[in-house]
There are 4 protein chains.
Amino acid sequence: MAEIARPTVPTVLPPEYGTPLTAAQAAQMMKAAEDCANAEGWPMVIAIVDSTGSLLMLHRHDNAQRASVDIAIAKATCAVNFRRETRVFEELVAGGGLGTRLLAMPGMTPLEGGLPVLLNGKVVGGIGVSGMHSTQDAFVAKHGLAAIGAL
Amino acid sequence: MAEIARPTVPTVLPPEYGTPLTAAQAAQMMKAAEDCANAEGWPMVIAIVDSTGSLLMLHRHDNAQRASVDIAIAKATCAVNFRRETRVFEELVAGGGLGTRLLAMPGMTPLEGGLPVLLNGKVVGGIGVSGMHSTQDAFVAKHGLAAIGAL
Amino acid sequence: MAEIARPTVPTVLPPEYGTPLTAAQAAQMMKAAEDCANAEGWPMVIAIVDSTGSLLMLHRHDNAQRASVDIAIAKATCAVNFRRETRVFEELVAGGGLGTRLLAMPGMTPLEGGLPVLLNGKVVGGIGVSGMHSTQDAFVAKHGLAAIGAL
Amino acid sequence: MAEIARPTVPTVLPPEYGTPLTAAQAAQMMKAAEDCANAEGWPMVIAIVDSTGSLLMLHRHDNAQRASVDIAIAKATCAVNFRRETRVFEELVAGGGLGTRLLAMPGMTPLEGGLPVLLNGKVVGGIGVSGMHSTQDAFVAKHGLAAIGAL
């Protein structure tokens, strides 16, 4: 039998999934994210999913682009299902070469603005924001995390 | 009449499809792949399809990322439907240029960790693994192949 | 102002979602369900999902009809997402009249053989079986529940 | 532990899947089905899949309704994936009551005109016809089966 060469990349274990976000926590996050967006005058779609990947809350502002409904949900879901900021994947794609393969990965949304919600080291949900430049989307999303001490 | 320029690339014929993997063979492959993953401490999703592309067996470990369910199935299916290791396609995408077009190919999953199962030179099924670094995914998948003498 | 007529149906609250099934629990359930199916000589597809609706384990037996892969997953997922036996929905559809509307309900699989897994009164997962007559499918599924004390 | 009531319906095992139809067999079937359709003056879509459920051959006649492309494929695929004539499912649905549930079954096409191709008692493929009344569709499909001794 052929010998199977063992890869030398280090083992990096992702955080575990935890108890799903509650509706009350989602409301706190949403208020902070919307306050941020309103203060900036940015029309946004903000989506919050729990650790099961199920949509908990979505607000679309007047004048937000319609495509952003699906994009915000996709960012939040990707952050939960891969347990990482979507910005990480965006950077891998932007780097070209091997990173390009992520464009074909099922469930992947390599666009900044999706963040997992981590409490006590566990993934309890995700937030995704879409509507403006992706760095602005992430700025709003981080205000949501901060509101429940998850930044 | 216009003359039709004959392409000069050599003819490379892929292996034929053979009799589908049995449930017993899939169970042997799964056990070996899981033993490998457990020995390494890697939470994985392992999917095995037969030569018809239909799912035979799937195991998701505790703490495996949820996105890996669809990815493992997609890798196994791609390996059967294109009768080649998915790593080959990953390399073509990573090389850029013409290889980039694979991202738009229906049924394509250019992510290392999907391998066709070849017995007596025929494709009888496929195995797809997802959850860790893609080289680790492939390492686990190869243990599955070895278990039935298909490496 | 128009008065809003209050519906008179009683309030029935469904069970809560609990901590997701583990891979070890799924393996116990799978073994018991397969032992039952093998004892009867029934080729089956058996799917187990956790309380997040994500696939944990799937086994397809030799000679099970191929359509049963999607059906088993759909039954298990429906049982979790609606937190009830799929048989209940089947009966409503079979009764005709108002029950017929269930056919148009997103995520609905009104086919006997999908059961929620309840531990300590909470929904921790679901099991779906397909391949034979739907009463036989449910018989096999119940053996899975019994194996972890969830019947 | 609760006792699990064993269902009393008899065990009916479906035929096994066999070696996939060849392109030559599909061509014979197609010629016979088209000769039949042409003799009647019926514009049809005729689809033939092999035992893996993969499309082998599809012919659409001038003036056939465009929707029939998907319908013919669906009928042929359903006949293979459930290993039965689609007419059987049509009748169950038409009977109302419990049969109505088939409308919600993944992969189900309860419309006459899809037949499994059985050779030596094994399912080697399927043929689906669409374009006229469903009894006419089935009439054409049966000429395809007869051409290779599969009626």
Side-chain angles (χ1 to χ4, degrees), chain C residues 32 36-37 39-43 62-75 77-78 86-87 89-97 99-100 102-113 130-147 149-151, chain D residues 1-18 20 49-54 73-86 88-89 92-110 114 116 118 121-126 128:
Chain C
C36 167
E40 300 286 350
W42 296 336
D62 294 335
N63 205 33
Q65 67 185 3
R66 213 169 293 133
S68 287
V69 172
D70 286 344
I71 297 172
I73 295 173
K75 285 179 177 179
T77 307
C78 175
T86 55
R87 187 182 45 74
F89 302 119
E90 179 179 277
E91 285 168 4
L92 288 167
V93 169
T100 315
L102 292 182
L103 294 171
M105 191 177 267
M108 171 55 63
T109 305
L111 304 164
E112 186 171 358
S130 174
M132 297 295 295
H133 188 274
S134 65
T135 55
Q136 296 170 325
D137 296 343
F139 180 71
V140 169
K142 283 174 188 166
H143 282 77
L145 293 188
L151 195 64
Chain D
M1 196 181 80
E3 199 176 343
I4 305 172
R6 192 177 172 286
T8 55
V9 295
T11 294
V12 182
L13 289 179
E16 293 182 19
Y17 289 109
V49 302
D50 68 17
S51 57
T52 74
S54 176
I73 295 173
K75 286 179 177 179
T77 307
C78 175
V80 165
N81 286 349
F82 289 93
R83 297 182 292 197
R84 242 165 290 185
E85 281 194 52
T86 55
V88 174
F89 302 120
L92 286 167
V93 169
L98 195 60
T100 315
R101 64 183 174 170
L102 292 182
L103 294 171
M105 192 175 266
M108 171 55 65
T109 305
L118 283 143
K122 298 202 175 178
V123 178
V124 299

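Below, all heavy atoms of this structure are taken into account, side chains as well, without hydrogens, waters or symmetry copies. Per chain, numbering begins at 1; letters A, B, ... match sequence-line order.
Of the inter-residue distances, the one linking C/L92 atom CG with D/T100 atom OG1 reads 12.0 Å to the nearest 0.5 angstrom. The line from CE of D/M108 to CG of C/D70 is 12.5 Å long, rounded to the nearest 0.5 Å.
No side-chain N or O of D/T52 forms a donor-acceptor pair with one of C/R66 less than 3.5 Å apart.
Taking all atoms of both residues into account, the shortest heavy-atom contact from C/E40 to D/R6 is OE1-NH2, 2.5 Å. The two residues C/N63 and D/Y17 come nearest to each other via the heavy atoms OD1-N, 4.1 Å. In terms of heavy atoms, C/P43 sits closest to D/L13 at CD-CD2, 3.3 Å.
With contacts defined as side-chain heavy-atom distances shorter than 4.5 Å, the pair D/R101/C/S134 qualifies.
If you measure heavy-atom distances from D/R83 to chain C, the contacts under 4.5 Å come from the side chain alone.
Per-residue heavy-atom pair counts under 4.5 Å with chain D were compared for C/H143, C/M105, C/E112, C/E91, and the maximum is reached by C/H143. For the set C/A64, C/G95, C/G149, the count of heavy-atom pairs under 4.5 angstrom toward chain D peaks at C/A64.
Residues of residues 73-82 of chain D lying within less than 4.5 angstrom of chain C, judged on heavy atoms, are D/V80, D/N81, D/F82 in numerical order.
Looking only at distances, no side-chain donor or acceptor of C/Q136 sits under 3.5 Å from a matching main-chain atom of D/P7.
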